[in-house]
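What follows is a single structure, written as structure tokens, with notes after it.
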Amino acid sequence: MIKCISCGAEYSLEEIIYTCKECGSILEVLIQPNVSKDIFECRKSTMWKYKEFMPVNESKIISIQEGGTPFIKCNRLGDDLGVKLYVKVEGSNPTGSFKDRGMSVGITKACELGVDTVGCASTGNTSASLAAYAARAGLKCIVLLPSGKVALGKLAQAMFHGAEVLSVNGNFDEALEAVTALALEGRLYLLNSINPFRLEGQKSIGFEIVDDLGWRSPDRIILPVGNAGNISAIWKGIREFHQASFIEDLPRMTGIQAVGACPITNAFRKGAQEIVPVENPETVATAIRIGAPVSALKALRAIYESDGYSETVTDEEILDAQKLLARSEGIGVEPASASSIAGLRKLVDSGEIDRGEEIVCIVTGHLLKDPNTAINACKEPISIEADVESLKKILDDL
Ligand code: F0G
């Protein structure tokens with residue numbers, strides 16, 4: 001069943017619906033299979049390992065083997081910060097971001113419903129993922145991108161997988177409003193995270209973390225927050241496994257935003273349940289350059305229910321953390337993803353995070369998504385002649 005998170009109105013899983021007809025609030029899919037966790041044991045490590053918890057028809061699954069991403073213990077960085085640190089590397093998904101988990105379920109649902117056109121607004125990754133999964137399913141795809149604010153790798157993916165790419169004169173929030181209006185007229189099936197089936201896929205990040213840890217929860221999960229779907233999805237996944245008695249404890253959900261795009265943190269600081277949208281959001285982390293997150297209500301609930309936290313980081317802190325993770329652990333992530341690491345550093349410094357805490361930082365997208373920002377953050381390659389003497393001189397100076 002699909003249920004309104006505010007007034008509890010219920011809808012059929014077969015209905016194409018994005019917001020509650022009674023009160024206009026956002027929706028969630030409810031599913032609670034009665035299974036033992038032993039059934040997961042010998043299954044291949046993709047998100048479909050947990051297929052009983054996915055609200056789609058198994059025979060119709062559209063997959064490119066998403067999920068089952070690396071869960072890396074980061075001793076060097078963790079020791080420096082005085083915490084036990086794991087990093088969940090979502091850049092290892094087929095199109096290089098966590099969005100693939102949501103798209104696998106969302107596109108499977110689109111096929112079940114028999115739609116022929118799918119669409120989204122995006123800061124980049126959602127469009128790259130949707131374009132790829134629509135191609136795999138043979139569906140038409142249209143994506144709306146804020147002009148000049150989408151990192152190059154993401155744009156290349158959306159174009160190359162054959163989506164109709166529209167460059168919108170406006171920001172993400174405006175593009176989302178436009179494409180949502182089109183979806184409500186029935187012109188396309190909307191696959192932004194306001195579509196509750198998207199979050200059903202993304203909740204598998206929560207499943208994998210507790211599975212990776214041997215069926216227990218870390219003290220805290222830290223992740224970037226933009227449109228606020230992912231933090232909501234992961235909390236939903238963890239709660240489902242908790243309700244199924246697969247785990248006994250729960251993590252504190254900790255959402256990090258950029259200073260220039262932080263409506264969730266603003267609300268958290270006031271103890272509010274609702275956000276005040278940020279006009280003209282701005283940050284180097286273009287993936288989370290969002291002022292009016294559609295899943296704000298769910299995200300704030302996740303933070304409050306889990307006794308979690310929300311903090312902001314500056315662009316400089318984001319870029320420093322991106323480099324730190326790349327150079328101390330060999331893990332290359334795009335700027336938005338690094339905000340989880342930047343947030344961790346800040347919360348350790350402020351004392352919000354205790355020494356010795358077990359932390360999972362989710363890094364949401366691959367370094368190569370945004371090659372320009374990476375290159376701009378480095379010194380130029382040294383130009384030399386191809387002879388041994390010049391090479392030796394450089395090695396001597398290293
Ligand atoms: N990290 C990356 C790399 C993202 O692309 C996004 C969102 C987020 C974090 C934030 O996740 O929206 O669930 O809170 N990107 C969307 C997009 C908005 O269009 O690709 P969220």
Side-chain angles (χ1 to χ4, degrees), residues 26 88-93 95-103 106 119-132 143-146 149-151 153-155 157-158 163 168 171-173 175-176 179 190-196 198-199 201-203 205-206 222-236 253-258 261-265 275 281 283-300 302-303 310 313 318 322 332-343 361-370 373:
I26 46 178
K88 181 78 174 150
V89 186
E90 288 299 293
S92 294
N93 276 298
T95 75
S97 86
F98 69 96
K99 306 286 182 181
D100 294 341
R101 298 173 183 267
M103 280 317 162
C120 72
S122 178
T123 56
N125 281 321
T126 299
S127 69
S129 184
L130 181 60
V143 303
L144 280 70
L145 305 179
K149 293 292 182 180
V150 172
K154 307 172 189 183
L155 185 61
Q157 288 176 295
V168 176
N171 62 28
F172 168 83
D173 303 293
L176 181 58
V179 75
L190 185 63
L191 277 167
N192 279 101
S193 55
I194 193 165
N195 182 326
R198 274 274 314 279
L199 302 191
Q202 288 169 211
K203 74 185 180 187
I205 300 177
I222 307 182
L223 73 161
V225 174
N227 213 18
N230 210 27
I231 190 169
S232 314
I234 294 169
W235 179 238
K236 185 173 192 288
M253 300 302 297
T254 303
I256 309 299
Q257 297 208 285
C262 63
I264 303 272
T265 313
I275 57 147
T283 167
V284 67
T286 50
I288 53 171
R289 183 176 170 271
I290 294 173
V294 293
S295 296
L297 211 54
K298 288 183 185 173
L300 284 164
I303 292 169
S310 185
V313 287
I318 290 173
Q322 186 191 19
V333 304
E334 67 167 285
S337 313
S339 60
S340 58
I341 301 292
C361 279
I362 297 170
V363 290
T364 43
H366 199 280
L367 173 71
L368 294 176
K369 290 282 192 173
D370 189 350
T373 306

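Computed over heavy atoms, backbone and side chain alike; hydrogens, waters and symmetry mates excluded. The first residue in the sequence is number 1, and the count goes up from there. For ligands, and for the atoms within them, numbers begin at 1 and follow the listed sequence. Model, not experiment: these values are computed from the prediction.
For Thr126, a nitrogen or oxygen atom sits less than 3.5 Å from a nitrogen or oxygen atom of ligand 1, counting backbone and side chain alike. Remark: ligand 1 and Lys154 share no N or O pair separated by less than 3.5 Å (distance only, no angle test). The shortest N/O to N/O separation between Ser127 and ligand 1 does not fall below 3.5 Å. Ligand 1 has an N or O atom lying under 3.5 Å from an N or O atom of Ser122, backbone or side chain. Looking at Gly226 next to ligand 1, an N or O pair under 3.5 Å apart turns up. Looking at Ala228 next to ligand 1, an N or O pair under 3.5 Å apart turns up. For Asn227, a nitrogen or oxygen atom sits less than 3.5 Å from a nitrogen or oxygen atom of ligand 1, counting backbone and side chain alike.
Of all atoms in ligand 1, listed by their number and element, those nearer than 4.0 Å to a heavy atom of Ile290 are 18 (C). For ligand 1 and Thr123, the ligand atoms under 4.0 Å from any heavy atom of the residue are 15 (N), 16 (C), 17 (C), 18 (C), 19 (O), 20 (O). Here is the list of ligand 1 atoms found below 4.0 Å of a heavy atom in Gly229: 13 (O), 14 (O), 21 (P). For ligand 1, the atoms sitting less than 4.0 Å from at least one non-hydrogen atom of Ile288 are 8 (C), 9 (C), 10 (C), numbered in the order shown with element in parentheses. When each atom of ligand 1 is checked for a heavy atom of Asn125 under 4.0 Å away, the hits are 2 (C), 3 (C), 4 (C), 5 (O), 20 (O). Atom numbering of ligand 1 starts at 1 in the shown order; those under 4.0 Å from a heavy atom of Val225 are 14 (O).
To the nearest 0.5 Å, atoms CD1 (Ile222) and OG (Ser339) are separated by 10.5 Å. In this structure, the separation between CD1 on Ile231 and CD1 on Ile303 is 4.0 Å, given to the nearest 0.5 Å. Taken from CD1 in Ile275 to OG1 in Thr265, the straight-line distance is 11.0 Å, to the nearest 0.5 Å. Between atom NZ of residue Lys236 and atom CD of residue Gln202 there is a gap of 12.0 Å, rounded to the nearest 0.5 Å. The CG atom of Asn227 lies 7.5 Å from the CG atom of Asp173; values are rounded to the nearest 0.5 Å. With rounding to the nearest 0.5 angstrom, the CG atom of Leu191 is 7.0 Å from the CZ atom of Arg198.
Asn230 N, 2.8 Å is the protein heavy atom nearest to atom 13 (O) of ligand 1. From the protein, the heavy atom lying nearest to atom 4 (C) of ligand 1 is Ala287 CB, 3.5 Å. Nearest protein heavy-atom neighbour of atom 11 (O) of ligand 1: Phe98 CZ, 3.5 Å. Closest protein heavy atom to atom 9 (C) of ligand 1: Thr364 OG1, 3.6 Å.
Closest non-hydrogen pair, Ala261 versus Pro281, comes out as CB-CB, 3.8 Å. For Ile318 against Pro335, the heavy-atom pair with the smallest separation is CG2-O, 3.1 Å. Nearest heavy-atom pair across Ile362 and Ser340 is O-OG, 3.1 Å.
Looking at Thr95 and Met103, their side chains never come closer than 4.5 Å, going by heavy atoms from C-beta outward.
Between the Ser337 side chain and the Gly365 main chain, a donor and an acceptor come within less than 3.5 Å of each other.
The shortest separation from a heavy atom of Pro224 to ligand 1 is under 4.0 Å, placing the residue in contact.
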* Asked: Checking side-chain hydrogen bond (donor to acceptor under 3.5 Å, both in side chains) for the pair Lys369/Asn125: CA distance, chi angles, key distance, verdict?
  -> CA-CA 8 Å; Lys369 290 282 192 173; Asn125 281 321; 2.8 Å; yes

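Heavy atoms of Lys99 found under 4.0 angstrom from ligand 1 belong exclusively to the side chain.
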